Amino acid sequence: MRLRLFLIMSSILALVVVVTVVAADRLDMGGSGSDQVVAPPDGTVGEDGSGDTTSTSGIIPSPGQVRVTGTVSSVLLTGAVLQPREVPTPLTVQSQRGFGNGGQITSVEVEGRASTISWDGGRPLVLSSGGPLVVDPSDVALVGDGMLLVLGGGAHALTPGPYQLDTPVAVGTEGIATPRDSVAFTAVEGTLLEARGDASIILGDGAHRLVGPGRVLIGGALEVTAADGTVTTMDALTTEEAAYDLTFTRADG
């Protein structure tokens, strides 16, 4: 279901981005996505001496790795960890109504009472003020407005503090849910946005770094540099489970 969603999105791409990626041919098992970086993205030298000390354009990958640069028109990543993981407010979560889509915000305080906020999709979930959302590993696709992070199936933390939610929702307290057009609430330690189905956010302009491990599918005009310095041009790169470190930036035009 999720893969089909991405394939549909990939067929209507209008955005072009510039991508820098280091992807391993094999997966380094163990640990979370945040510790699966396979090469330094900022031109520094890796622990094994690989890398370039002056610029990212001169990074030489280690054995078992490739470096990919170019302009891409389609992207699908699985298990991507946004770096940094925090998405600041204001932010908007999109979701179609029905099909089990939507989500709930659990362990919040509304007017001093422990509550749960339920959202059934259809209308965007708009957090107009508050702290950042800490995003769990997510599947990512390229769409016309930018990079789309699918939040559905994950439990994403809201940093403690006051928030304003400007979307019709139901606020439940002790089993009784009351509809509201908007609601002010306080997040505490353990407050989560538990998203379902196609609930997602769009990362717009700017550079966005994503690390694996996971599956990588990239299409576009690509240059692939191997560990021996060999450069190959191709129009698509596909891996199964692999460690990866990618930075996407919207290209001019």
Side-chain angles (χ1 to χ4, degrees), residues 2-3 6-7 9-10 13 15-28 31-46 50-52 55-62 64-87 135-151 154 200-227 231-252:
R2 182 173 295 175
L3 180 57
F6 280 125
L7 293 177
M9 290 174 177
S10 297
L13 296 178
L15 178 68
V16 176
V17 299
V18 176
V19 58
T20 300
V21 54
V22 181
D25 292 334
R26 58 186 181 279
L27 174 63
D28 178 13
S32 65
S34 61
D35 65 12
Q36 295 296 325
V37 177
V38 297
D42 55 359
T44 58
V45 177
S50 65
D52 183 276
S55 70
T56 56
S57 62
I59 292 177
I60 302 299
S62 299
Q65 300 175 357
V66 295
R67 179 175 185 269
V68 182
T69 59
T71 302
V72 306
S73 55
S74 61
V75 174
L76 168 62
L77 310 175
T78 65
V81 180
L82 184 65
Q83 297 290 326
R85 291 176 57 192
E86 294 81 8
V87 178
V135 180
D136 259 9
S138 304
D139 292 349
V140 179
L142 181 62
V143 295
D145 294 329
M147 304 300 295
L148 180 144
L149 274 68
V150 177
L151 304 181
S200 57
I201 57 176
I202 297 286
L203 302 176
D205 290 338
H208 304 293
R209 183 183 172 201
L210 299 152
V211 301
R215 190 180 181 194
V216 177
L217 295 89
I218 301 175
L222 310 175
E223 278 195 355
V224 180
T225 303
V231 178
T232 304
T233 59
M234 59 177 60
D235 58 11
L237 173 70
T238 302
T239 75
E240 294 302 326
E241 286 290 309
Y244 60 81
D245 187 342
L246 305 99
T247 298
F248 295 89
T249 305
R250 187 189 296 267
D252 291 340

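Computation of the quantities below employed the complete heavy-atom set of this structure, encompassing side-chain atoms and omitting hydrogens, waters and symmetry-equivalent molecules. It should be emphasised that the depicted structure is a prediction, and the values quoted were computed from it without experimental measurement.
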Candidate pair Val72 and Leu222, rule side chain to side chain contact (heavy atoms under 4.5 Å, CB included), full reasoning:
CA-CA 7 Å; Val72 306; Leu222 310 175; 3.4 Å; yes
Let me see the working for Phe248 and Leu210 under side chain to side chain contact (heavy atoms under 4.5 Å, CB included), right down to the final yes or no.
CA-CA 8 Å; Phe248 295 89; Leu210 299 152; 3.9 Å; yes
Please test Leu148 against Ser200 for side chain to side chain contact (heavy atoms under 4.5 Å, CB included), starting from the C-alpha separation and ending with a verdict.
CA-CA 7 Å; Leu148 180 144; Ser200 57; 3.9 Å; yes
Residue that, paired with Asp245, satisfies side chain to side chain donor-acceptor pair (under 3.5 Å) out of Gln65, Arg67, Arg209
Arg209
Who pairs with Ala207 by side chain to side chain contact (heavy atoms under 4.5 Å, CB included), at least two apart in sequence or on another chain?
Thr247, Thr249
Find out whether Val68 and Glu223 are in side-chain contact, i.e. whether some heavy atom of one side chain is under 4.5 Å from a heavy atom of the other.
no
Treating Ser73 as the side-chain partner and Thr71 as the backbone partner, does any N or O pair qualify as donor plus acceptor under 3.5 Å?
no
For the atom pair CG (Leu149) and OG (Ser138), what is the distance rounded to the nearest 0.5 Å?
5.0 Å
Taking the side chain as everything from C-beta on, heavy atoms only, tell me whether Thr69 gets closer than 4.5 Å to Val224.
no
Is any side-chain heavy atom of Arg85 closer than 4.5 Å to one of Asp136?
yes
Contact summary for Ser62 and Ala227, nearest pair of heavy atoms
O-CB, 3.6 Å
Side chain of Asp145, backbone of Ile202: donor and acceptor closer than 3.5 Å?
no
Check each of Leu82, Ile201, Val140 against Met147 using the side chain to side chain contact (heavy atoms under 4.5 Å, CB included) test, and report the only one that passes.
Val140
Leu142 side, atom CG; Leu203 side, atom CG - distance, nearest 0.5 Å
11.0 Å
Is it true that a side-chain atom of Thr78 and a backbone atom of Arg215 form a donor plus acceptor pair closer than 3.5 Å?
yes
Locate the shortest heavy-atom distance separating Asp205 from His208; write the atom from each residue and the value.
O-NE2, 3.5 Å
Distance in Å, Leu77 CG paired with Leu217 CG, rounded so as to fall on 0.5 Å steps
8.5 Å
Can you list the steps and then say if Leu151 with Val135 is a side chain to side chain contact (heavy atoms under 4.5 Å, CB included)?
CA-CA 8 Å; Leu151 304 181; Val135 180; 4.0 Å; yes
